[in-house]
Engineer: 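Attaching a single structure in structure tokens format; questions to follow.
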Amino acid sequence: MEEQNFEEISLREIYDVLMQRRWLIVALTVTAVLASVFFTSTFVTPIYRSSAVLMVTHADTQRVVRTESDLEEMVAQVSRPQEMSINTYLGQFNNEALMERVIDRLEINLGPRTLAGMIRTSAVRDTRLIEVSVEHNDPYTAALIANTVSEEFIEFISDINQQRMSQSVDFLQEQRDDVVRQLAETMNKYREYESDPRSAQIVQMELDSRLKDSIRYQSEIIQTQIEYEQLLAGRNELLKRLEQEPATFVTLLGEDGSEETANPVYLSLRQSIDEKEVEIQEKQALTRSLERAVTLLERQVRELQVELNEKNAFERVMLADIQLLEKNSALFAERITQAQIARSVDMGANNLTLVSRAVQPGRPIRPNTKKNAAVAGVLGVMASVMLVFAVEFLDNSIKNEDDVRRHLDLPVLAQVPKFR
């Protein structure tokens, strides 16, 4: 396997190569720098930047925990101005409607997107400031657009708020009209309910009357039961006495026979027992009649209680509906007033202030001639060095004894000096 020969190149040789063609390196570098300066100053249009500064004068509101109902919260959100943070303001600068306003005011021949591409907005860190920057090839136009955009933005925010509040007023008015209509319908139903012959008061009076009758009949049943027990006890006592009395008396008439006669006491007891039986049956019939009357009254009481409960429930619902509708009507009226006040407020002027107007810049931000020249110089040096090494690599001519030994591997016998 053949051995490979590697030639070592020292830094001295590299230095000598560069020094031999140093004028080429210098010429290319100077040419690159001059070309960069010429191209930048001749063909590149200078761009100027002018900036205006807006300050957000209202504090960011923090949402607090509310105990209001869903309706109250919804109405409150509709009736109050929209809460806008700095980021929200920044997002509105790209609005096409705002660009149209600026174009119409300045009467410039630009499209909304083209104009928006010239504008840069940013929030200054740890402040409430918004910087509005405009880049243009004319310094006066850059400052004019920056100031116009800032002024129109303030008016644009006010117009948005007025438009939103106008829509809120219309929406709240429609809702209030609907609530007033529902309230009138509910009030008519309640008046019809109050004029009903069988109102809750009448049913309550009937229920009280039935309850009193039921209590009275139950008292009569108890009294009748007591009298029945007394009659029953008296009859039993008479029966015991009747058992002890003979029904007849036997009278001896001599040897011829005897004669039976009725016992008057027995007959009297028998008559008393019969009378007691009649009274007992009457008390039993009265008890059954009273019990039937109580049963009927209890059924009527239950029916009246159901009817009364239904009427009371209906009345409670109607009164609750009326109270809620009256409350909602008052709420909508209050929020309508608030929305009308918010509509009349100049939100843009209240929340935004133009604290620093844009001025005409004295020098362009680009192109940066010095920076471009420096970059061109570095690139020129790099390209010329690479060119020098390429020329040196492609040069196969023999110039000295070292080249003879390196390329031909032969000893040098003599050297012809160079004369001038």
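The basis for the numbers below is simple: all heavy atoms, side chains too, and nothing from hydrogens, waters or symmetry mates. Note that the structure is a prediction, hence the values are computed from the model and not measured.
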Engineer: Verify side chain to side chain contact (heavy atoms under 4.5 Å, CB included) between Leu144 and Asp138, making sure each step is shown before the conclusion.
Structural biologist: CA-CA 10 Å; Leu144 180 62; Asp138 180 52; over 6 Å; no
Engineer: If every non-hydrogen atom of Ala123 is compared with every non-hydrogen atom of Ile86, which pair is closest and at what distance?
Structural biologist: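 Reported closest heavy-atom pair: CB-CG2, 3.8 Å.
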Engineer: Using side chain to side chain contact (heavy atoms under 4.5 Å, CB included), reason through Leu110 and Met118 one step at a time and then give a plain yes or no.
Structural biologist: CA-CA 11 Å; Leu110 292 175; Met118 300 178 181; 3.7 Å; yes
Engineer: Does Asp213 pair with Arg216 as a salt bridge, N-O distance under 4.0 Å?
Structural biologist: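 Looking at Arg216 together with Asp213, the answer is yes, because their closest N to O distance falls below 4.0 Å.
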Engineer: Check this for me: does any side-chain nitrogen of one of Glu185 and Arg181 sit under 4.0 Å from a carboxylate oxygen of the other?
Structural biologist: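 A salt bridge is present here (some side-chain N lies under 4.0 Å from a carboxylate O).
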Engineer: Please step through side-chain hydrogen bond (donor to acceptor under 3.5 Å, both in side chains) for the pair Asn188 and Glu192, ending with a clear verdict.
Structural biologist: CA-CA 6 Å; Asn188 291 332; Glu192 293 176 359; over 6 Å; no
Engineer: Hey, is Arg235 close enough to Glu279 for a salt bridge, meaning N to O under 4.0 Å?
Structural biologist: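 Result for this pair is no, no salt bridge flagged.
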Engineer: Find out whether Arg292 and Ser289 are in side-chain contact, i.e. whether some heavy atom of one side chain is under 4.5 Å from a heavy atom of the other.
Structural biologist: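 Contact flag for Arg292/Ser289 side chains = yes.
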Engineer: Output, in order, the C-alpha distance, side-chain angles, deciding distance and verdict of side-chain hydrogen bond (donor to acceptor under 3.5 Å, both in side chains) for Arg164 and Asn161.
Structural biologist: CA-CA 5 Å; Arg164 179 177 179 273; Asn161 177 68; 5.5 Å; no
Engineer: I'd like to check the ring-ring contact (aromatic ring centres under 6.0 Å, His included) partners of Phe93; sequence neighbours left out, ordered by chain and number.
Structural biologist: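 Expected list: Phe153.
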Engineer: Please check if atom CZ in Arg241 has more than 12 non-hydrogen atoms from other residues, nucleotides or ligands closer than 6.0 Å.
Structural biologist: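 Open.
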Engineer: With a 4.0 Å cut-off on N to O distance, would you call Glu229 and Lys283 a salt bridge?
Structural biologist: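 Salt bridge between Glu229 and Lys283, a charged N being under 4.0 Å from a carboxylate O: no.
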